[in-house]
**Q** 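There's a structure below that I have some questions on.
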Amino acid sequence: MRLRPLLFPDPPRDFRGRRGVKTGLRALHVLCAALLLGATVYAAAASERERALDLVIASGAALVLLELARTATFLLQVRGAVLVLKIGAVVLFTALDRGQVALLAAILVVSVLISHAPASIRHRMLVGGGHIRGAETRD
């Protein structure tokens, strides 16, 4: 089996209701991130912070899998680079004893900025140049 059609199908895979599922997952992910930030700010019990972190990771993974099911193109774009940075920041968050609130706040601000940036920025190709079908979507 050829890898390119699997990772970068033309046209990208889709299913009825994908946008609604993605919107619901985004809302859940933002809620989980808010819970984690609040639990960290108010020094909730370690078990509560860990549960919130687990929810952030699970909801974020679900969003990534939903995108990968469509096409892997996003990994080559600005939004993919930001995703990798956010994952690295979450790993750093788990290793820090101090500065966790500032790091979480920075992750949230960067997330909002990139998710509301114009598509021409979010979908700009960082790897390979040119254009891959599915690189420009409306969601």
**Q** Would I57 end up clustered with V91 when hydrophobic side chains under 4.5 Å apart are linked, directly or stepwise?
**A** no

**Q** Report whether V112 and V30 are members of the same hydrophobic cluster (ILVMFWY, side-chain heavy atoms less than 4.5 Å apart, transitive linking).
**A** no

**Q** Hey, could you give me the CG/CG distance between L108 and L36, rounded to the nearest 0.5 Å?
**A**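 If I round to the nearest 0.5 Å, the distance is 8.5 Å.
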
**Q** For the hydrophobic clusters of this structure (ILVMFWY residues joined by side-chain heavy atoms under 4.5 Å, transitively), does one cluster hold both V101 and L92?
**A**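 Both belong to a single hydrophobic cluster.
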
**Q** What I'd like to find out is whether the side chain of R49 reaches to under 4.5 Å of the side chain of L53, using heavy atoms alone.
**A** no

**Q** Hey, what do you get for CD (Q77) to CD1 (I114), rounding to the nearest 0.5 Å?
**A**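 The distance works out to 10.0 Å.
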
**Q** Of all heavy-atom pairs between T71 and L7, which one has the smallest distance, and what is that distance?
**A** OG1-O, 3.4 Å

**Q** Indicate yes or no: at least one non-hydrogen side-chain atom of L83 is less than 4.5 angstrom from one of V64.
**A** yes

**Q** State whether the side chain of Q100 and the backbone N or O of F93 hold a donor-acceptor pair below 3.5 Å, judged by distance alone.
**A**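 Confirmed, Q100 side chain pairs with F93 backbone.
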
**Q** Would you check, one step at a time, whether the test salt bridge (Lys or Arg N to Asp or Glu O under 4.0 Å) holds for E67 with R70?
**A** CA-CA 5 Å; E67 286 297 317; R70 185 165 195 264; 5.7 Å; no

**Q** L28: which residues meet the side chain to side chain contact (heavy atoms under 4.5 Å, CB included) condition with it, sequence neighbours left out?
**A** C32, S59

**Q** Which heavy atom in I107 sits nearest to a heavy atom in A89, and how many Å separate them?
**A**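 Answer, listing the atom of I107 first, then A89: CD1-CB, 3.5 Å.
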
**Q** In Å and rounded to the nearest 0.5 Å, what is the CZ to OG1 distance from R18 to T23?
**A**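 Interatomic distance, R18 CZ to T23 OG1, rounded to 0.5 Å: 9.0 Å.
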
**Q** In terms of hydrophobic clusters joined by side-chain contacts under 4.5 Å, are L113 and I87 together?
**A**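 The answer is no; the residues belong to distinct hydrophobic clusters.
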
**Q** Measure the CG-CD distance between L55 and E50 for me, rounded to the nearest 0.5 Å.
**A** 12.0 Å

**Q** Using modelled atom types and a 3.5 Å cut-off, is there a donor and acceptor pairing between side-chain atoms of R79 and backbone atoms of S115?
**A** no

**Q** Find the distance between CG (L37) and CG (L104) and round it off to the nearest 0.5 Å.
**A**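 The distance works out to 5.5 Å.
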
**Q** Compare every heavy atom of H29 with every heavy atom of V56, then report the nearest pair and how far apart it is.
**A**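 That would be O-CE1, 3.2 Å.
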
**Q** Backbone N or O of A69 within a donor-acceptor pair of the R13 side chain at under 3.5 Å?
**A** yes

**Q** Check the surroundings of atom CZ in F15: do more than 12 heavy atoms from other residues, nucleotides or ligands lie under 6.0 Å from it?
**A**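 Yes.
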
**Q** For the hydrophobic clusters of this structure (ILVMFWY residues joined by side-chain heavy atoms under 4.5 Å, transitively), does one cluster hold both V90 and L75?
**A** no

**Q** How long is the straight-line distance from CD of E48 back to CZ of R51, given to the nearest 0.5 Å?
**A** 4.5 Å

**Q** Side chains of V82 and R122, heavy atoms from C-beta outward: is any pair under 4.5 Å?
**A**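 Answer no - side chains too far apart.
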
**Q** Hey, is the main chain of A119 close enough, under 3.5 Å, to the side chain of H123 for a donor-acceptor pair?
**A**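 Judged by distance alone, no pair lies under 3.5 Å.
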
**Q** Within the structure provided, determine whether V21 and L66 are in side-chain contact (heavy-atom separation under 4.5 Å).
**A**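 A side-chain contact under 4.5 Å exists here.
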
**Q** Please report the shortest heavy-atom distance between P9 and L6, naming the atom on each side.
**A**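 The answer is CD-O, 3.9 Å.
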
**Q** Could you pull out the closest heavy-atom pair between R2 and P5, with the gap in Å?
**A** O-CD, 3.4 Å

